[in-house]
There are 2 protein chains.
Amino acid sequence: MIEPQIVEPDAASETETAILEAARDLLAAGGREALSMRAVASKVGLSATAIYHWFEGKEALVDRVVLHGFRRSEAYMWKAIEDLPPGSMDRVAALGEAYIRFALENREYFKIIFAIQTPVPRHIDDVPGQGGYRVLRQCVIEAMEAENIRRTDPDVVVLYLWSVVHGLVTIFMACDPKDLLAETGCCDELDEEELTIGLFGRFRELVRVGLEPAAARGGGDDA
Amino acid sequence: MIEPQIVEPDAASETETAILEAARDLLAAGGREALSMRAVASKVGLSATAIYHWFEGKEALVDRVVLHGFRRSEAYMWKAIEDLPPGSMDRVAALGEAYIRFALENREYFKIIFAIQTPVPRHIDDVPGQGGYRVLRQCVIEAMEAENIRRTDPDVVVLYLWSVVHGLVTIFMACDPKDLLAETGCCDELDEEELTIGLFGRFRELVRVGLEPAAARGGGDDA
DNA sequence: GCGTTAGGTTAACACTGTTACATTAACGCC
DNA sequence: GGCGTTAATGTAACAGTGTTAACCTAACGC
């Protein structure tokens with residue numbers, strides 16, 4: 001059994017947390033471009049250069065804000081599965097739904113994490129994967145042991161599941177969902193989040209069947 | 001049968017195309033932040049303000065570059081399926097692989113398209129979906145008619161397939177794949193693109209089974 | 001009391017996108 | 001030929017950016 005290991009935020013000075021909060025608000029409101037050192041400074045009541053005493057530069061400041069977002073997302077994931085039976089597909093599905101909900105409710109965090117301004121990909125520990133990835137991985141392994149998912153390379157399955165939800169979220173952040181589903185007609189009067197979750201629900205059946213052990217399908221052609 | 005409808009690029013002046021090429025190069029080299037009006041100008045041999053005679057501003061310039069990227073991606077997709085039999089799953093898979101290859105070989109285009117700097121999602125016609133989405137949609141419908149995909153809402157299937165490949169690509173652009181697959185060990189000595197394609201190959205089986213018509217699975221529990 | 005450090009300041013540099021305005025050349029028109 | 005108009009470019013400048021250098025001030029250890 002895995003346990004939530006949420007690292008306590010490093011004990012920070014009042015000024016430091018004030019800067020971080022101001023930065024978070026600016027980031028959430030208008031994205032990376034809206035976060036200027038001078039804007040942060042004036043929110044906190046300091047001069048812009050004072051921030052450099054607490055953070056190496058803008059990049060480092062953004063990184064710290066994002067790191068905080070990771071921790072929140074990790075907690076969000078843990079909460080999503082805590083009441084569900086280990087090894088069940090419900091747990092896997094709940095993680096997917098939590099991922100989507102967190103992404104849509106914390107768009108700016110999410111965008112910045114995957115904005116990929118840096119040409120070099122980050123280390124996994126610096127991405128919401130850290131918490132989320134490992135939780136999902138554990139759930140998948142448990143589901144395999146419970147014969148709810150066919151036995152195969154768990155990393156492949158984890159990345160597959162992650163791709164589905166991550167792809168859905170990022171596509172819907174870039175394109176208007178109602179545009180894509182215009183002909184399906186299932187979308188009016190739903191807000192974006194419910195629409196995305198609804199679509200995720202439709203995906204679940206496709207995913208479940210694909211991951212089913214061969215026994216459940218009456219055949220034996222598993223690889 | 002659908003035909004490639006690649007819109008000819010609007011006849012542009014020499015200066016205009018020179019600006020666009022310079023902008024494209026800068027964008028590809030260092031992302032949106034590396035594209036400054038002055039840098040573009042000096043590459044073309046003009047003053048920065050001259051660009052404003054051809055483009056409304058930086059945003060418009062970037063948009064035009066991206067638009068050009070869309071057209072290339074559309075052509076890329078068409079080429080990927082032209083020799084494969086309509087209605088086959090091979091066509092669907094080839095589109096997925098083409099999407100991945102194009103994204104990885106044109107990272108900067110791709111990043112910018114999905115960078116989502118604008119808070120409001122774009123219209124579908126302004127996203128690589130335009131070409132790619134419709135091609136994929138048609139291929140899915142044909143595969144349904146050929147009984148290679150279970151009959152259900154095609155838009156759901158299309159978005160599902162798109163999510164899988166798009167998610168995979170964006171995750172691998174943000175995180176180091178070798179990090180994620182460290183324990184699987186299938187990654188050494190492969191470059192990133194081949195690794196991604198290889199993983200996509202592993203996904204295909206999961207996706208194929210999930211989309212199979214009920215008849216092929218020996219059961220009758222389709223919805 | 002003195003040195004050191006933490007926490008802050010102002011001034012300045014080298015950039016950025018963008019605008020206002022002036023310039024030059026080419027064209028149609030009478 | 002001269003005139004007006006327009007296309008295409010230039011210079012100067014503005015307001016904003018991240019960042020650095022240098023300076024100040026209060027608190028602390030010794």
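When reading the values below, keep in mind they use all heavy atoms of this one structure, side chains included, and skip hydrogens, waters and symmetry mates. Order of the sequence lines fixes the chain letters, A, B, ..., with proteins taken first and strands second; residue numbering starts at 1 for each chain. Here the structure is a predicted model, which is why all the values come from computation and not from measurement.
- Looking only at atom types and distance, the side chain of Tyr133(B) has a donor-acceptor partner in the side chain of Asp155(B) under 3.5 Å away.
- Each of dT16(C), dG7(C), dT19(D) was ranked by its minimum atom distance to the side chain of Tyr52(A); first place goes to dT19(D).
- A donor and an acceptor atom never sit less than 3.5 Å apart when one is taken from the side chain of Arg38(A) and the other from the base of dG16(D).
- When the P atom of dG16(D) is taken as reference, atom NZ of Lys58(B) falls 18 Å away, rounded to whole Å.
- In the displayed structure, Glu14(B) atom CD is contacted under 6.0 Å by at most 12 heavy atoms of other residues, nucleotides or ligands.
- Within the 4.0 angstrom heavy-atom criterion, only backbone atoms of the sugar-phosphate kind lie near Leu35(A); the bases stay farther away.
- One finds the CG atom of Leu195(B) at 8.0 Å from the CG atom of Asp191(B) (value rounded to the nearest 0.5 Å).
- The nearest whole Å value for the distance from the CE atom in Met37(A) to the C1' atom in dT19(D) is 8 Å.
- For the pair Glu16(B) CD and dA7(D) C1', the computed distance is 13 Å after rounding to whole Å.
- The CZ atom of Phe203(A) sits 5.0 Å away from atom CG of Leu168(A), with the distance rounded to the nearest 0.5 Å.
- Of the candidate nucleotides dG17(C), dT20(D), dT10(C), dT10(C) has the atom nearest to the side chain of Ser47(A).
- Proximity of Asn106(A) to Ser73(A): side-chain heavy atoms (C-beta onward) are nowhere separated by under 4.5 Å.
- Checked against dT9(D), dG17(C), dA20(C), the side chain of Thr49(B) finds its nearest nucleotide in dA20(C).
- The interatomic distance linking Leu46(B) (CG) with dT11(D) (C1') rounds to 14 Å, in whole Å.
- Using a 4.0 Å cut-off, some side-chain N or O of Trp54(B) falls inside it from OP1 or OP2 of dT9(D).
- The interatomic distance linking Ile51(A) (CD1) with dG8(C) (C1') rounds to 12 Å, in whole Å.
- Atom C1' of nucleotide dG17(C) and atom CZ of Phe55(B) are separated by 16 Å, given to the nearest angstrom.
- At whole-Å resolution of the value, NE2 in His53(B) and C1' in dC21(C) are 14 Å apart.
- Side-chain atoms of Ala50(B) lie closest to dT9(D) of the nucleotides dT9(D), dT19(D), dG8(C).
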